[in-house]
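Below is one structure, written out as structure tokens; comments come after it.
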Amino acid sequence: MEKKVYIGMTADVMHPGLINVITEGAKYGDVVIGLLTDKAIAEYKRLPYLNYEQRKAVVENIKGVVEVVSQEDWNYAPNLLKYKPNFMIHGDDWNSSSQKQFRDLAFEAMATVGGVVIEIPYTKEINSSEFVESINSIGTTPQVRLKTLRRLIDSKPIVRILESHSGLTGLIAEKTNVEVDGKRVEFDGMWSSSLTDSTSKGKPDIEAVDITTRMHGLTDMLECTTKPIIYDGDTGGKPEHFEFTVRTLERNGISAVIVEDKIGLKKNSLFGTAVPQTQDSIENFSNKIKTGKRAQVTEEFMIIARVESLILGKSVDDALERAFAYVKAGADGVMIHSKESTGEDIIEFCERFRKEDKVTPIVVVPSTFNHITEEEFANIGVNIVIYANHMLRASYPAMYNVAKQILIDGRSLEASEDCMSIKSILELIPGTK
Ligand code: SPV
Ligand code: MG
């Protein structure tokens, strides 16, 4: 009987380095590829460009590959114990940093099943991360971007979205990453906020900035980013207008619109009951959702219903009744909002909603209840957390202080301490030189 050779891989972007590992593996026996699922990849890295089925279709047709099995975790050990290969092949680049723990676990598992780990020299000229960088610099297509939000919801315990109101803030959401406990942590996408879109134009957040104007700003962001975007659709306007909004957003590759169940002159929710705000009837708002769903062209675009009951001082019972009705009307997700800083009403809503509905995505915007962590939200069934205004709120005080300092000193020398250097700003965007 042929010996069994196990190779775990993502196989998103195929390149000679990966073919080399497979060719080497085939010299030892039948190659079984442990293909990482989207979920396994998303735990440590960015979601792959191709989904699992697409990657599987590529890999199972590579010469030397006898079987493709799914690997549900970054840790190879469970599959090694299950498939008991005679050999496991890996590039010798897993000795450092976050990968080291998986190397140790793989060696242990292979010793348990009486097999051998073979490390082959890593192909230095070429690696997947560099490919990802260069693919990102080319950009994406509207269809690919649009679909990504649903893939992220399916693959991640929680999807992390950052407010963005310009090309520059889009680049921050796109590129900022840190390593926490060996995992790469980054934002999954952008929130196009009505509050920050209006504020950055010096206008109040009352639907005075129309969609055509907001699309201009969004185009800047679309041009320099690849991550999915959720659009704050305010009340959605009249159902007849909402149809056009849905089409415009879809055409531009926006993944979702969130519409709130208020009518009349919209005011920002964080005013709560301090300003007059009126909630729509369940029937009318359900009709708006249905109209939007009928208008949409793609299968993947999401219309998320935002329940404003708690903002307007109504009960969690009222919020739940509305949420279930909106889902019945076709909403692809529910956003529950509150301005209470304890977050208790939000937690109660999520727990009670999840008891009856296990699948519909829940979105939260923790601007006031900001002590609750993403992990805690995930544990009560939340799928998307939106940091809704932080880029604008961070930039305004910085700009204001520098403006004031220049006035105080009658020159900019003192203020320049709080500014990035001329060299840095010139180098910030590739291609400026
Ligand atoms: C926004 O960002 O515009 C929102 C969220 O709608 S909130 O400001 O909290 O209402
Ligand atoms: Mg808004």
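Counting starts at 1 for both ligands and their atoms, following the listed order. The analysis underlying the following values was restricted to heavy atoms, covering all of them including side chains, and did not include hydrogens, waters or symmetry mates.
- When R151, K227, K45, K156 are each tested for a salt bridge (charged side-chain N to carboxylate O under 4.0 Å, His left out) with D188, only one passes: K156.
- Here 2 is the count of protein N, O or S atoms positioned under 2.8 Å from the Mg ion (ligand 2), waters not counted.
- With a 6.0 Å cutoff to the six-membered ring centre and a 45° limit on the axis angle, R214 counts as a cation-pi contact of Y231.
- Heavy-atom minimum distance, Q296 versus T298: NE2-O, 2.9 Å.
- Counting only distance, with no hydrogens or angles, the side chain of Q54 and the backbone of N51 share a donor-acceptor pair below 3.5 Å.
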Return a table of N or O atom pairs, ligand 1 on one side and protein on the other, at distances under 3.5 Å, rounded to 0.1 Å.
residue	atom	partner	partner atom	Å
ligand 1	2 (O)	W191	NE1	3.1
ligand 1	2 (O)	S193	OG	2.8
ligand 1	3 (O)	S193	OG	3.1
ligand 1	3 (O)	S194	N	3.2
ligand 1	3 (O)	S194	OG	3.1
ligand 1	3 (O)	L195	N	2.8
ligand 1	3 (O)	D232	OD2	2.8
ligand 1	6 (O)	D232	OD2	2.9
ligand 1	6 (O)	R306	NH1	2.8
ligand 1	6 (O)	R306	NH2	3.4
ligand 1	8 (O)	N268	ND2	2.9
ligand 1	9 (O)	H337	NE2	2.7
ligand 1	10 (O)	R306	NH2	2.9

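- Centroid-to-centroid, the aromatic rings of Y326 and F285 come within less than 6.0 Å.
- Among the candidates K262, K267, K266, E260, the single residue satisfying the side chain to side chain donor-acceptor pair (under 3.5 Å) test with Q277 is K262.
- Neither side chain, D232 nor S193, offers a donor N or O lying under 3.5 Å from an acceptor on the other.
- Under the 4.0 Å criterion applied to side-chain N and carboxylate O atoms, E243 and R247 are not assigned as salt-bridge partners.
- Side-chain atoms of T169 and S166 include a donor-acceptor pair closer than 3.5 Å.
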